[in-house]
Number of protein chains: 2
Amino acid sequence: MAAPPPPADADPRVEALVHDLIGRVADKWTMLVLEILEERGELRFTELSRSIGTISQKMLTQTLRHMERDGLVIRTVHPVVPPKVEYRLTELGQSLGAAFCGVWIWAEQNLAAVEKARETFDGPLPSEG
Amino acid sequence: MAAPPPPADADPRVEALVHDLIGRVADKWTMLVLEILEERGELRFTELSRSIGTISQKMLTQTLRHMERDGLVIRTVHPVVPPKVEYRLTELGQSLGAAFCGVWIWAEQNLAAVEKARETFDGPLPSEG
DNA sequence: TGTCACGCTCTCCTTTTGGTAAGTACAAAT
DNA sequence: ATTTGTACTTACCAAAAGGAGAGCGTGACA
């Protein structure tokens, strides 16, 4: 398991697969679920739903299934009468969360810069000439 | 510009804005353009198009406009006869690229793990019982 | 005269995304 | 008997994403 240190993308095949994987994983809902499970540990379906707030049941189910399929979360079903299902991150999921951490930090630190850039871009239009 | 070191998300308002920003920036095409411009520097429209390979003109234009609006790229128009437009990352864009670097590395290193997880998830279905 | 190249823009079309609402199963509570 | 709560699933519908292809302006080049 000697992980090669540099991010060198040698093969174009690998690069294509990586692009594909990124496309799947860089999903809005996936990132949100990842962050919440990382912060709060093991959560039930409705707890997760309430934590995100704006997600529909359908999307949450779908997102969780995809994450489970990709080995990012573990789904534990307790065979009790009102269904109880708990979700938590795998090690793989935790490592992805850690990788995305840099992006969260970037977003927090550069939020103002982005908004200012937008104002500059949008603003000058009406009084141009 | 004394950047606060910890990723502490104090306000829920900030968090909402960050979620929003992440949703915009964690876009498949944005990430691809970001990576390519980071690697290759300043590129023309068609060079960018060919580098990505699978993107349509429409999406490339759209992605670049959004990135320009968000202050991630600079668009330089040379008023020559066959139009010549060059794109390069701003410092903000470069910093986002750096932040996403961790995700690329994660994807490269864990590609096999994800694929194996998928096989495990998909495989056992037919012979279950 | 005609064609090509570039960086778009526009229209038309299909696919994907995502929301709403209803249904399911079952036991405990009312 | 009816309601409640959970974690879905399904059907249906609207909106957005995204691809294909045509058009534009123009100057060099054949």
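Any value given below was found using the heavy atoms of this structure, including those in side chains, with hydrogens, waters and symmetry copies removed. In what follows, chains carry the letters A, B, and so on, assigned in the order in which the sequence lines appear, proteins first and then strands, with residues in each chain numbered from 1.
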K.L.:
Is the backbone N or O of B/Met59 less than 3.5 Å from a side-chain atom of B/Thr63, with the two atoms forming a donor-acceptor pair by type?
P.N.:
yes
K.L.:
According to salt bridge (charged side-chain N to carboxylate O under 4.0 Å, His left out), who are the partners of B/Arg50, at least two apart in sequence or on a separate chain?
P.N.:
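B/Arg50 satisfies salt bridge (charged side-chain N to carboxylate O under 4.0 Å, His left out) with no residue once adjacent residues are dropped.
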K.L.:
Taking atom P of D/dT6 as reference, at what distance in whole Å does atom CD of A/Glu47 sit?
P.N.:
10 Å
K.L.:
Tell me, which of residues 58-69 of chain A have any heavy atom that sits under 4.0 Å from an atom in DNA chain C?
P.N.:
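Correct list: A/Lys58, A/Met59.
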K.L.:
Is it the case that the side chain of B/Ser49 and the backbone of B/Phe45 share a donor-acceptor pair, with hydrogens and angles ignored and the cut-off at 3.5 Å?
P.N.:
no
K.L.:
Taking only the side-chain nitrogens and oxygens of A/Arg50, find out if one of them lies under 4.0 Å from OP1 or OP2 of D/dA7.
P.N.:
no
K.L.:
Nearest whole Å is fine: how far is D/dT6 C1' from A/Arg44 CZ?
P.N.:
7 Å
K.L.:
When the nearest nucleotide of DNA chain C is assigned to A/Trp29 and to B/Arg75 on a heavy-atom basis, which residue is associated with the more 5' position?
P.N.:
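The 5'-side residue here is B/Arg75.
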K.L.:
Angle between the end axes of the helix from C/dT1-D/dA30 to C/dT30-D/dA1, five pairs per end, to the nearest 10 degrees?
P.N.:
30°
K.L.:
Return the nearest nucleotide to the side chain of B/Pro83; candidates are D/dA7, D/dG25, D/dA22.
P.N.:
D/dG25
K.L.:
Find out whether A/Leu64 and A/Leu48 are in side-chain contact, i.e. whether some heavy atom of one side chain is under 4.5 Å from a heavy atom of the other.
P.N.:
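Yes. Closest side-chain heavy atoms under 4.5 Å.
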K.L.:
Heavy-atom distance under 4.5 Å between the side chains of B/Ile55 and B/Leu32, does that happen here?
P.N.:
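No; the side chains remain at least 4.5 Å from each other.
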K.L.:
State whether the side chain of A/Thr90 and the backbone N or O of A/Leu72 hold a donor-acceptor pair below 3.5 Å, judged by distance alone.
P.N.:
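Yes, because the side chain of A/Thr90 sits within donor-acceptor range (under 3.5 Å) of the backbone of A/Leu72.
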K.L.:
What is the distance from atom CD of A/Glu47 to atom CD of A/Glu42, rounded to the nearest 0.5 Å?
P.N.:
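Spacing of CD (A/Glu47) from CD (A/Glu42) equals 9.5 Å.
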K.L.:
Can you tell me how far P of D/dT6 sits from NE2 of A/His78, to the nearest Å?
P.N.:
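Between P of D/dT6 and NE2 of A/His78: 14 Å.
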K.L.:
Nearest whole Å is fine: how far is D/dG19 P from B/Ile55 CD1?
P.N.:
7 Å
K.L.:
What class does the angle between the rings of B/Phe100 and A/Phe100 fall in, given that below 30° is parallel, 30 to 60° is tilted and above 60° is perpendicular?
P.N.:
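Taking A/Phe100 first and then B/Phe100, their aromatic rings stand perpendicular (interplane angle over 60°).
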K.L.:
Name all residues meeting the salt bridge (charged side-chain N to carboxylate O under 4.0 Å, His left out) criterion together with A/Arg44; count only those two or more places apart in sequence or in a different chain, and write none if there are none.
P.N.:
none
K.L.:
Between the main-chain N or O of B/Trp29 and the side-chain N or O of B/Asp27, is there a donor-acceptor pair closer than 3.5 Å?
P.N.:
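It does hold such a pair.
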K.L.:
What is the first contacted nucleotide of DNA chain C and what is the last, in 5' to 3' order, if contact means an atom lying under 4.0 angstrom from a heavy atom of chain B?
P.N.:
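Boundary nucleotides touching chain B, in 5' to 3' order, are C/dC6 to C/dT9.
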K.L.:
Report the residues that fulfil salt bridge (charged side-chain N to carboxylate O under 4.0 Å, His left out) with A/Glu86, sequence neighbours left out, ordered by chain and then residue number.
P.N.:
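By the salt bridge (charged side-chain N to carboxylate O under 4.0 Å, His left out) rule, A/Glu86 matches no residue at all.
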